[in-house]
There are 2 protein chains.
Amino acid sequence: MPRASKPKNLSIRDVAELAGVSLGSASRVINKVANVSEGTREKVERAIKQLGYRPNHAAQSLRLRSSRTVGCLLTDVANPLYAKLYRGLEERLRPHGYMMLLANSLNQAEREIEILSTFVSRGMDGLLIAPGNERDREVLAAVRSLPVPTVILDRDMDSPTDSVLFEHVPGVKNLVQYLAGLGHKRIAMVLSQSPNRPIRRRTEGYRMGYKLAKLEVNEEFIVHLPSATSSAFEAVSTLLRRTDRPTALLVMGTTILNDTLNAIGAQRLRIPDDVSVVSFGDPDFAAGHVPAISSLRIDLEKAADEATALLLARMRGEEGPPKSVTLVSDFIPRGSCGPAPKKT
Amino acid sequence: MPRASKPKNLSIRDVAELAGVSLGSASRVINKVANVSEGTREKVERAIKQLGYRPNHAAQSLRLRSSRTVGCLLTDVANPLYAKLYRGLEERLRPHGYMMLLANSLNQAEREIEILSTFVSRGMDGLLIAPGNERDREVLAAVRSLPVPTVILDRDMDSPTDSVLFEHVPGVKNLVQYLAGLGHKRIAMVLSQSPNRPIRRRTEGYRMGYKLAKLEVNEEFIVHLPSATSSAFEAVSTLLRRTDRPTALLVMGTTILNDTLNAIGAQRLRIPDDVSVVSFGDPDFAAGHVPAISSLRIDLEKAADEATALLLARMRGEEGPPKSVTLVSDFIPRGSCGPAPKKT
DNA sequence: GTGAAAGCGCTAACAT
DNA sequence: ATGTTAGCGCTTTCAC
């Protein structure tokens with residue numbers, strides 16, 4: 001083991017001293033500023049290595065008014081979608097020397113406000129946020145008055161802030177048309193209830209697809225689960241027990257999809273022979289399932305690209321009106337979709 | 001909207017000025033130090049509110065040599081286990097005023113070293129780490145020489161550092177005995193390959209259980225998948241096609257479990273009639289599956305409790321030899337386990 | 001090219 | 001109880 005002792009509070013002053021130069025010169029070497037002789041550079045670099053010196057970040061932040069840190073506010077990293085997004089964001093910010101502060105708001109409005117305030121007081125250089133309470137007056141006010149470069153992720157908020165939006169409407173529309181083309185006339189959709197988030201848009205693409213396929217929407221086929229955590233098993237089972245049961249199911253990813261697959265299995269129905277299935281979002285297990293589950297997917301790598309590009313530009317000082325990028329979901333057709341079953 | 005203008009660089013000096021008191025008094029009010037008259041306190045508090053002042057964190061950190069920040073190094077938050085753990089850690093650190101810097105190492109050794117170094121240079125008050133390369137010489141050296149309070153999570157590293165360990169050995173041992181009690185004589189185990197991590201221990205409990213049940217281990221029933229990402233579908237299918245196919249399957253959670261369930265379904269075998277299934281780790285879908293999948297679970301809330309308790313104590317300045325807490329997995333029996341099928 | 005010195009915003013020790 | 005001041009570690013302007 002090389003140096004197991006504590007690098008007790010060593011500062012640039014120690015480096016300068018050991019190198020036999022002034023504090024200013026040491027700083028110039030560290031910051032790769034011009035006007036340093038080769039000899040000085042070498043002496044300082046040797047001293048740095050010898051001491052194992054690393055600049056004190058707090059002092060740098062204070063002096064430079066920049067923390068090289070980006071604050072990230074998510075409702076919950078335990079949501080795989082956000083976890084992957086976070087990873088992508090970190091991956092792209094790292095090469096620029098930024099680290100990320102991550103805070104989960106767990107959908108609590110006061111907490112979201114508090115987190116944003118803390119981010120500001122901690123001098124974040126930029127913010128990447130996906131607050132759960134996008135319609136809350138106070139959260140909205142807090143977001144609108146953020147004095148740092150910010151990009152809103154996946155939230156349609158009424159604020160003049162850069163944003164990256166995930167758009168399912170055209171995807172769902174195309175999907176419904178696609179299923180109609182396979183002969184499906186009864187396509188059900190199962191959604192979770194999202195408090196404080198606009199739910200209307202989710203059915204928009206569905207209705208458009210129906211209209212374009214010249215089919216009539218049966219409102220009973222649009223199922224909103226009573227709570228965000230309630231099981232879809234019963235809801236789907238009920239749907240499948242109808243005499244005019246749907247021949248295709250459009251369900252939200254991960255949990256609801258799982259419940260749905262279980263409900264289908266429990267009634268000994270087969271996919272896609274008896275019922276076709278499509279997932280909103282592409283959870284890891286969808287591709288591996290037998291048969292593989294068709295999905296509507298948002299490209300999270302692209303989302304991370306766009307979000308960091310917007311943020312980095314602002315942090316670089318770029319001015320101008322708010323920009324918004326909308327990412328449309330791709331349809332990944334897999335084995336879970338087939339022609340509608342013949343009437344029996 | 002209240003104050004949409006930028007709170008342009010306002011400092012404690014502005015507060016003092018507006019309140020008509022000295023800078024020192026303002027500081028005393030903010031820090032709730034004794035020796036402040038009621039009048040002064042009020043004036044300062046009013047000024048603070050009026051200006052929307054929040055102390056500059058970098059200056060505080062520099063002065064106090066404390067960042068009120070904890071660095072968290074994980075291999076990957078997109079692993080649901082870690083995502084939940086992170087949430088639990090954050091939840092417990094927040095009330096103490098700590099925020100968390102989260103960095104994913106993606107299992108890269110140099111990156112883990114770099115992250116640790118950055119954490120130190122950024123003056124983290126404490127560290128919570130689960131490096132992927134627990135056997136790497138350099139990573140180990142970096143961890144051993146960390147000059148800040150640190151708790152190692154779920155990694156058995158040769159370092160005099162506080163740690164919270166997850167222990168499956170007794171759990172697996174009991175589990176094998178339990179299954180043997182149900183008449184199972186051929187219990188297979190499917191594990192992923194984890195590079196740089198000791199794999200030996202994983203089979204330890206398994207062998208102990210076999211021995212206690214007076215059964216002989218068939219080495220072909222211990223399956224290590226060739227890579228961490230390879231599908232278990234084929235491996236499990238092969239296992240199930242044997243004439244002496246296992247009557248019980250012990251598989252790692254999430255992905256491998258999914259592949260396993262698919263493989264079982266594809267061969268039209270039924271759980272638990274034809275084959276019993278137990279998961280290492282308790283992914284969200286296990287409980288909702290039909291039938292519900294029995295699991296070996298680590299209580300992540302408890303893990304977060306222990307880890308933060310250790311860290312907070314050290315950050316408070318507590319001295320003493322390294323402490324280690326070991327959490328043993330609980331067995332959650334569910335419908336996926338039944339008596340071994342009668343010979344047919 | 002290099003050194004000296006100011007000052008970022010804050011806390012705490014020291015005067016009063 | 002309150003005001004004044006030193007100094008945390010750093011970058012950068014200004015002389016030389």
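No experiment lies behind these values; they were computed from the predicted model shown. Naming convention: chains lettered A, B, ... in sequence-line order (proteins, then strands); numbering from 1 in each chain.
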Tell me whether the OP1 or OP2 atom of D:dA1 has a side-chain N or O from B:N35 closer than 4.0 Å. yes

Does C:dG3 have its OP1 or OP2 closer than 4.0 Å to a side-chain nitrogen or oxygen of A:S25?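 Yes, such a contact exists.
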
Between A:F166 and A:A303, which heavy-atom pair has the shortest distance, and what is it?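 For A:F166 and A:A303, the tightest heavy-atom pair comes out as CE2-CB, 3.7 Å.
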
Measure the distance from [atom1] on [X] to [atom2] on [N] and round it to the nearest whole Å.
X      : N      : atom1 : atom2 : answer
B:L64  : D:dG7  : CG    : P     : 17 Å
B:I30  : C:dG9  : CD1   : P     : 14 Å
A:N56  : C:dC8  : CG    : P     : 18 Å
A:R122 : C:dC8  : CZ    : P     : 23 Å
B:H57  : C:dC10 : NE2   : P     : 12 Å
B:R13  : C:dG7  : CZ    : P     : 10 Å
B:L62  : C:dG7  : CG    : C1'   : 12 Å

Given [options], which nucleotide is nearest the side-chain atoms of [X]?
X     : options               : value
A:I12 : D:dC10, D:dC8, C:dC10 : D:dC10
A:S27 : C:dC10, D:dG9, D:dT12 : D:dT12
B:S11 : C:dG9, C:dT2, D:dT12  : C:dG9
B:S22 : D:dT4, C:dA12, C:dC10 : D:dT4
B:Q60 : D:dG9, C:dC10, D:dT12 : C:dC10

Return a table of donor-acceptor pairs under 3.5 angstrom between the side chains of residues 16-23 of chain A and protein atoms on other chains or two or more places apart.
unit_1, atom_1, unit_2, atom_2, d
A:S22, OG, A:G24, N, 3.3
A:S22, OG, A:S25, N, 3.3
A:S22, OG, A:S25, OG, 3.4

Would you mind writing out the side-chain donor-acceptor pairs for residues 316-325 of chain B within the sub-3.5 Å range, not counting sequence neighbours?
unit_1, atom_1, unit_2, atom_2, d
B:E318, OE2, B:K323, NZ, 3.1
B:S324, OG, B:S163, OG, 3.0

Spell out yes or no: do the side chain of B:R28 and the base of D:dG3 have one donor N/O and one acceptor N/O closer than 3.5 Å? yes

Short side-chain to backbone donor-acceptor contact, A:N133 and A:R135, under 3.5 Å: no

Donor-acceptor check, side chain of A:R144 to backbone of A:D158, threshold 3.5 angstrom: yes or no? yes

With a non-hydrogen cut-off below 4.0 angstrom, is B:V21 in contact with a base, only sugar-phosphate, or nothing? sugar-phosphate

Between A:N107 and A:T75, does any side-chain donor sit less than 3.5 Å from a side-chain acceptor? no

Do B:S67 and B:R122 meet the criterion of a side-chain donor-acceptor pair at a distance under 3.5 Å? no

Go nucleotide by nucleotide along DNA chain D from the 5' end; which of B:L23 and B:R65 gets its closest nucleotide reached first? B:L23

What residues in residues 36-44 of chain B put a non-hydrogen atom under 4.0 Å from any atom of DNA chain D?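 Within this stretch, B:V36, B:S37, B:T40 sit under 4.0 Å of the strand.
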
